[in-house]
Amino acid sequence: MLLDRLSYVIPLRLRSLFSKAKVDQELDDELRYHVDAKIADLIGKGITPQEARAEALREMGGIEQRKEECRDARGVRWIENIAYDIRFGIRLLLKTPAFTAIAVLTLALGIGANTTIYSVVHTVLLRELPYPQSDQLVALSETRADGPDAIAYPNYVDWRAGQHTFGDVGVYRRDDFNLTGNGEPERFSGLFVTASYFNVLGLRPTLGRTFNEIEDTTPGSNPLILGEHLWRTRFGSDPNVLGRKLSLNGIGYEVVGVAPNSLLSRRNTDLYAPFGFYANRPYMHNRSFHGEFYGVGRLKSGVSIAQARADLQVVAHNLATRYPESNAGRGVKLVPLRENLVGEYRAMLLLLLSAVALVLLITCANVATLLLARATARRKEIALRVALGATRGRIVAQLLTESVVLSLLGGVVGLLMAFWSKNAIVALTPRDVPAFQDIALDGGVLAFAVVITFIAGLAFGAIPAWKLSRTDLHSAIKGSDTPLRQRSHTWLVTGQIALACVLLTGAGVLVKSFRGLQKQPVGFDPAHLLTVGLKLPGMKYKDPYKREAFFNQLLQQVETLPGVRAAAIGSNVPFLGTGAADSFSVAGQPQPRPGEEPRAQIVTVSPDYFRTMGIPLLSGRSFSIEDALGKPEVVLIDETLAHRFFPNQNAIGQQLVDRGVDNPGVPASIIGVVPTVRDELGPEPRMSKLYRPEAQRPDIQFTLLARIDGEPLAVLPVVTAAIRKIDGELPVFAIRSMEQNLSTSLGTQRLSAVLIGVFSTLALLLAAIGLYGVLAYSVGQRTREIGIRIALGATRTNVLRLVVKQGMGMVAMGLVTGTTVALIFARVLDRFVYGFTSRDPATILLAAVLLATVGAIACWLPARRAMRIDPLRALRQE
Amino acid sequence: MSKPSDLLQGTLDLLLLKIIALEPLNGWAISRRLKQVSGDVLQVSDGSLYPALHKLEQEGWITAVWKPSDNNRRAKFYSLSRRGRKQLEKESESWMRLSGAILRVVSLREA
């Protein structure tokens, strides 16, 4: 039935739209036919032709009006109206280029800023992970009493067997791979994975195959899968790459496949090796060994993460009962994969989005003020329309259409701005998170831009439209130019100032916090410190004496280089990626229950480490050549541990038993105490460390540290040469100065502080311009009044005070409102602020003073103009 | 003659549909026929007639063609569509019910 009607009505409407002239003509003919017929009829009844004509026309009423009504009855009117309004609006905007330019630019800034921030939010928080049905993916780890932990492989095997809620689970371990035998040695970042890993993520190989289950447990077969990114950049997308042999960490691998790009963890994955690599290691059967294995799982369809959690808890509980020594108090931690990757950025991104939304509000208020000022000039035009029969709704529709057109213009320019500023933003974001690098202006972002453009247009157009539609016909047509009541102007400007105040306060707090973090004492001296990452290939340096020899040679060489004041090596150096913590126990103190052992990070260092890092020795001694392999085990602890375990006695000489996997159960003597150092900047407390001499625990991966006279990176070439001389196959990576490392670690804080600083500056400018505009307009409107005052004896100062009072009144109100709002919502910022509370009086005061100063300048300019009014000319102005 | 403003919009639609149902006519002829068959009681003003006709056309209840009329001038002739016939039946029925009820109330004997 509906189809029936539509099949008739739609052609009708289309015809009305597209052959408008013809339809109009027909309407005209129809009505005229009627009038002529009536005239003929009346003449037939004996009335004179003139009278007949007069009467017939009178009865029909105005033909044009009847035609309007007929067109209304047809229902296509609104499209025609909008089209007309749009054309009219564009013409109007072109007629006042200055106004249009300012309004469009203002809107462009607001809309552009919002689009940019939203594109970041969209990419990082909202976009689907690049895996099929990614909301089924879960990140797995273990938990113990004091926090999360890596997975012990035997536990993983049992989880996989005993669970019911997952389609499959897999584990992985991140590691570095040295590629040798192919020109310059290079270092890649890769994952050891179980075959199930690819299944879980749904990664189908771009080329070749993925691993199979056998390769999980058999060492010696060495298939390799390249990450797509690496295949494209390093191997030139070579389709014949399968079968190529590569020597990684001294082991020969053969390429069997290429896997699509994956964002699993913070860095891109260059390649994948099978889990069989670990197959024969003893710790693979040790339930107490938690060596950075982490898991992913794919839930069965329809299963919620809560159900999976419950299911796995049962499995974990059973394991705890069966193996109380290793598994007591241990559970499973499930986190949706996306949350795991980007959850930590959510708060900051939402903060940025809120701040930029405030900017948009200010923008709208600003443009509304502009439109209101222009409204006075249009009153005659509107009044005329009303007289011609326009309804109020029609007027409002017209004015809103014009606003939306203006807004769309601003939106287009804003999009261009967002596009251009994209690279600048990406440069500010945390560099090691792939999600941030991918920011693009895709469909979702464009849709957002369109939506806020429309909303903004309606928002700032509403007030002037409403005000204009209430135009009093008489006074408007007569032309008495009493300006529109100024109250709206006042509220709009006050609102802008208040919002600017809120943003300024927020920016001030964030910047102060950021500065504070930059200066946060870290327990060592980060200046003039070079850090270089090195990793010894396991095969070549299997023998600990060989490693030992390498370190000695290296340090000897580097120490003698010009410019080097001290050199050392260390693993788990602060700000360079912290490893997991190991548990330990103190000899002679009550043993804690399983699951509650104290933990500390084990840092293996050379004797000169503390000197090189600038860490003073609080008591005892540092390591020496005496503390070598085969000699009694020694250890240094930091202050925190000393206070905790030896509060009333000398820690020196006491024994610690390191329960880490490498040398479990061997007691070590404490020979010294050093201050606790910081691994990252921020409010988190410092984590305790135990220091072991690397001579007794020569590690494979470590950082070379060198204290330099002058610029750390300047000595890089000689240091690299020295390393090459000793072992030409060793890739050198992560070369930075320690200060760079600290700076990089503040990536998100920097982003917040910079962006909100930019927004608040923008807001301040907009508010100031808004204030200036309103006052200038007001002075213009009151020229006559001021002229009279001056003529009646007011001094220039009186006039100045008049204008400034009006302006500063708005500033004061804005400040009070803004400060109050800032205080109320300050708590929101607390989580981003380090070192002080976000209700910081100094910052609030500073923001208020800044705003008042800028406001005063904005007031002064129009006031100056007012002072200069010539009363004679003013009075003549009518 | 009753004033045209006495006719409610809904009733006007019913009357127009019925007139058109009797025979396809142009607007002028419809207005004259209505006056005629109602014994001059019902008249529709020129100003209300055409908007009403166009609305009926918009709803799809009447269709229109341009034909030469009896004085050889071209005019727009409306005829009832299938949907229009259904609408006419519906509105007639509802009008009958309404007027029957009013008649009953008005015919009640006063005490």
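Every chain is numbered from 1 and lettered A, B, ... according to where its sequence line falls, protein lines coming before strand lines.
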Among A/Arg66, A/Arg58, A/His34, which one satisfies side-chain contact (heavy atoms from CB on, under 4.5 Å) with B/Asp46?
A/His34
One option among B/Ala29, B/Ala75, B/Ser31, B/Ser81 has the most heavy-atom pairs under 4.5 Å with chain A, and it is B/Ala75
Return the NZ to CD distance between B/Lys55 and A/Glu69, rounded to the nearest 0.5 Å.
13.5 Å
Whether over 12 other heavy atoms sit under 6.0 Å from B/Trp95 CH2
no
Only counting residues at least two apart or in another chain, list the ones meeting side chain to side chain donor-acceptor pair (under 3.5 Å) with B/Gln36.
none
What I'd like to find out is whether the side chain of A/Asp41 reaches to under 4.5 Å of the side chain of B/Arg32, using heavy atoms alone.
yes
Proximal component of B/Leu49, with respect to chain A [non-hydrogen, under 4.5 Å]
side chain
Which residues satisfy the side chain to side chain donor-acceptor pair (under 3.5 Å) test with A/Asp85, sequence neighbours excluded?
A/Arg394
Does atom CZ of B/Arg73 have more than 12 heavy-atom neighbours, drawn from other residues, nucleotides or ligands, at distances under 6.0 Å?
yes
Chain B heavy atoms under 4.5 Å from A/Glu26: which part of the residue, side chain, backbone, both or neither?
both
With a 4.5 angstrom heavy-atom cut-off, could you sort out which part of A/Lys67 is near chain B: side chain, backbone, both or neither?
neither
If you count the non-hydrogen atoms of other residues, nucleotides and ligands that lie under 6.0 Å from CD in A/Glu381, is the total more than 12?
yes
Could you check whether atom CZ of A/Phe448 has more than 12 heavy atoms from other residues, nucleotides or ligands sitting under 6.0 Å from it?
yes
Can B/Lys76 and A/Asp29 be counted as an ion pair, charged N to O under 4.0 angstrom?
no
On a heavy-atom basis, the closest approach of A/Lys38 and B/Trp28 is CA-CH2, 3.5 Å
Which atom pair, heavy atoms only, marks the closest approach of A/Cys70 to B/Pro51?
SG-N, 3.7 Å
Non-hydrogen atoms of A/Tyr33 and B/Arg74 that approach each other most closely:
CD1-O, 3.8 Å
